[in-house]
**Student:** 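There's a structure below that I have some questions on.
Atoms within each ligand, like the ligands themselves, are counted from 1 in listed order.
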Amino acid sequence: MHILVTGGAGFIGSHVADRCVAEGHRVTVLDNLRSGSEANVNPRADFVRMDLRDPGLPALVGKLRPEAVLHFAAQIDVRVSCQDPVFDAEENVLATLRLIEAGLASGMARFVFASSGGAIYGEASGRQDEAHPEVPLNPYGVAKLAVDKYLAAYAVQRGLAGCSLRFSNVYGPRQGSKGEAGVVAVFCKALRAGRAPVVNGDGRQTRDFLFAPDIAEAVSLALARRATGVFNLGTGIETDIRTLAEGLCERAGVDPGAIVHAPGIAGEQRRSCLDPGKAARELDWRPRTAFAEGLGLTWDWFSRKGDAHEA
Ligand SMILES: NC(=O)c1ccc[n+]([C@@H]2O[C@H](COP(=O)([O-])OP(=O)(O)OC[C@H]3O[C@@H](n4cnc5c(N)ncnc54)[C@H](O)[C@@H]3O)[C@@H](O)[C@H]2O)c1
């Protein structure tokens with residue numbers, strides 16, 4: 001199958017593109033390289049450097065005629081979305097709709113969208129499933145939720161097999177430091193530069209850390225099943241930031257006593273954790289990589305080439 005991966009030069013999109021190539025698909029990566037890097041693009045994929053908002057996008061999609069589009073390109077910085085919600089909506093909503101329209105006009109039958117559990121469900125008091133109230137607290141989350149809803153409408157109105165995968169906090173090799181789970185990359189880069197990690201507040205705030213290649217498997221399963229609807233992708237396990245910092249210090253051979261605590265950030269989410277049960281039941285997906293293993297692989301990558309993807 002011919003698959004167009006937007007954002008395929010970025011962190012998660014490049015892992016997804018790698019998997020598609022490994023499965024024997026023809027892959028075209030579209031990316032403007034704003035936060036991505038051409039070094040991340042799989043050498044067996046075709047690469048088009050283009051902005052999603054480029055007026056030439058429909059003509060390009062019409063020429064490529066992809067059967068599936070995996071949409072990972074986005075404005076990913078929550079702070080930018082708060083400072084400039086119009087720009088955020090242009091990239092994360094309007095450009096996405098133009099991409100879907102262009103795809104439908106040229107025979108696209110499947111669409112997978114990189115959505116976000118953390119940005120849509122808000123504060124957690126336990127595992128959040130897909131029925132959890134949707135309470136986005138910033139324009140970035142509103143945009144993700146809007147596209148999730150548009151895809152539901154496209155399924156009904158136009159028969160598009162489109163699904164939204166709501167990720168928890170993703171980490172792994174090639175991660176930049178501005179995305180939702182940038183803390184792993186931030187700590188890795190600090191340790192690589194010989195500095196101790198700086199933990200905000202008491203460090204007992206939790207996140208559900210998901211290893212990026214595990215997402216690539218979920219995308220593959222969703223494509224094969226022509227999935228529609230919303231699926232949480234997470235581990236269902238909460239890890240606190242202090243434990244993360246200690247785990248990385250251990251791997252870097254740094255005394256955890258060197259970890260620095262800075263004042264807490266006002267309004268920062270205290271707990272975040274997704275219930276991946278629906279993805280297990282309907283896509284047969286499970287997060288395969290234990291946190292200790294994923295952290296080791298991530299640190300190995302950053303300690304070798306952590307500057308390759310500076311976001
Ligand atoms: N990292 C996480 O924890 C996380 C969690 C939930 C959802 N997501 C979503 O997953 C997707 C990938 O995120 P990531 O962490 O890999 O970020 P990333 O910045 O590494 O990847 C995004 C890619 O999109 C490209 N891009 C951005 N705007 C573009 C535009 N206008 N035109 C063309 N290309 C453009 C960038 O150059 C980059 O290569 C995003 O949609 C993000 O919102 C990420």
**Student:** Is it the case that ligand 1 has an N or O less than 3.5 angstrom from some N or O of S116?
**Tutor:** no

**Student:** I'd like to know whether the aromatic ring centres of F291 and Y171 sit less than 6.0 Å apart in this structure.
**Tutor:** yes

**Student:** Report yes or no: do D148 and S164 form a side-chain donor-acceptor pair below 3.5 Å?
**Tutor:** yes

**Student:** Can you find an N or O of K144 that's nearer than 3.5 Å to an N or O of ligand 1?
**Tutor:** yes

**Student:** Rounded to the nearest 0.5 Å, what separates atom CD1 in I120 from atom CG in N232?
**Tutor:** 9.0 Å

**Student:** So is there a nitrogen or oxygen of S115 less than 3.5 Å from a nitrogen or oxygen in ligand 1?
**Tutor:** no

**Student:** With respect to G36, determine whether any N or O atom, backbone or side chain, lies less than 3.5 Å from an N or O atom of ligand 1.
**Tutor:** yes

**Student:** Measure the distances from the heavy atoms of M50 to every atom of ligand 1 and state whether one is below 4.0 angstrom.
**Tutor:** yes

**Student:** Measure the spacing between NE2 of H132 and CD of E134 and express it to the nearest 0.5 Å.
**Tutor:** 10.0 Å

**Student:** Go through the side-chain N and O atoms of T243 and D240 and say whether any donor and acceptor fall under 3.5 Å apart.
**Tutor:** yes

**Student:** Is F11 in polar range of ligand 1, meaning some N or O pair under 3.5 Å apart?
**Tutor:** yes

**Student:** Show which atoms of ligand 1 fall inside a sub-4.0 Å distance from at least one heavy-atom site of S168.
**Tutor:** 3 (O), 5 (C)

**Student:** How about R204: does its CZ atom have over 12 heavy atoms from other parts shown lying under 6.0 Å from it?
**Tutor:** yes

**Student:** Using salt bridge (Lys or Arg N to Asp or Glu O under 4.0 Å), reason through D77 and R34 one step at a time and then give a plain yes or no.
**Tutor:** CA-CA 12 Å; D77 194 322; R34 188 175 54 211; over 6 Å; no

**Student:** Quick check: D31 and ligand 1, any N/O pair under 3.5 Å apart?
**Tutor:** yes

**Student:** Counting both backbone and side chain atoms, is some N or O of N32 under 3.5 Å from an N or O of ligand 1?
**Tutor:** yes

**Student:** Do any side-chain atoms of residues 214-221 form donor-acceptor pairs under 3.5 angstrom with protein atoms, and if so which ones, sequence neighbours left out?
**Tutor:**
residue : atom : partner : partner atom : Å
D214    : OD1  : T289    : OG1          : 3.0
D214    : OD2  : R288    : N            : 3.1
D214    : OD2  : T289    : N            : 3.0
D214    : OD2  : T289    : OG1          : 3.2
E217    : OE1  : R288    : NE           : 2.9
E217    : OE2  : R288    : NE           : 3.2
E217    : OE2  : R288    : NH2          : 2.9
S220    : OG   : E23     : OE1          : 3.3
S220    : OG   : E23     : OE2          : 2.7

**Student:** I need the atoms of ligand 1 closer than 4.0 Å to a non-hydrogen atom of A73, numbered in the order shown.
**Tutor:** 24 (O), 26 (N), 34 (N), 35 (C)

**Student:** Would you check the N or O atoms of R53, main chain and side chain alike, for any that come under 3.5 Å of an N or O of ligand 1?
**Tutor:** no

**Student:** Any atoms of ligand 1 less than 4.0 Å from a non-hydrogen atom of A114? List them with their elements.
**Tutor:** 9 (C), 10 (O), 11 (C), 41 (O)

**Student:** Does ligand 1 have an atom under 4.0 Å from some heavy atom of Y140?
**Tutor:** yes

**Student:** Any N/O of G10 closer than 3.5 Å to an N/O of ligand 1?
**Tutor:** yes

**Student:** Does Y121 reach the side chain of L274, with side-chain heavy atoms less than 4.5 Å apart?
**Tutor:** yes

**Student:** For A9, is the nearest heavy atom under 4.0 Å from an atom of ligand 1?
**Tutor:** yes

**Student:** Near R34, which atoms of ligand 1 are under 4.0 Å from a heavy atom of that residue?
**Tutor:** 27 (C), 28 (N), 37 (O)

**Student:** What's the separation between atom CG in L30 and atom NE2 in H71, rounded to the nearest 0.5 Å?
**Tutor:** 10.0 Å

**Student:** Any atoms of ligand 1 less than 4.0 Å from a non-hydrogen atom of S35? List them with their elements.
**Tutor:** 18 (P), 19 (O), 36 (C), 37 (O), 38 (C)

**Student:** Does any N or O of ligand 1 fall below 3.5 Å from an N or O anywhere on N169, backbone included?
**Tutor:** no

**Student:** Can you name the nearest heavy-atom pair linking D88 to P139, along with the distance?
**Tutor:** OD2-O, 3.4 Å

**Student:** Quick check on contacts: which atoms of ligand 1 are under 4.0 angstrom from a heavy atom of L33?
**Tutor:** 37 (O)

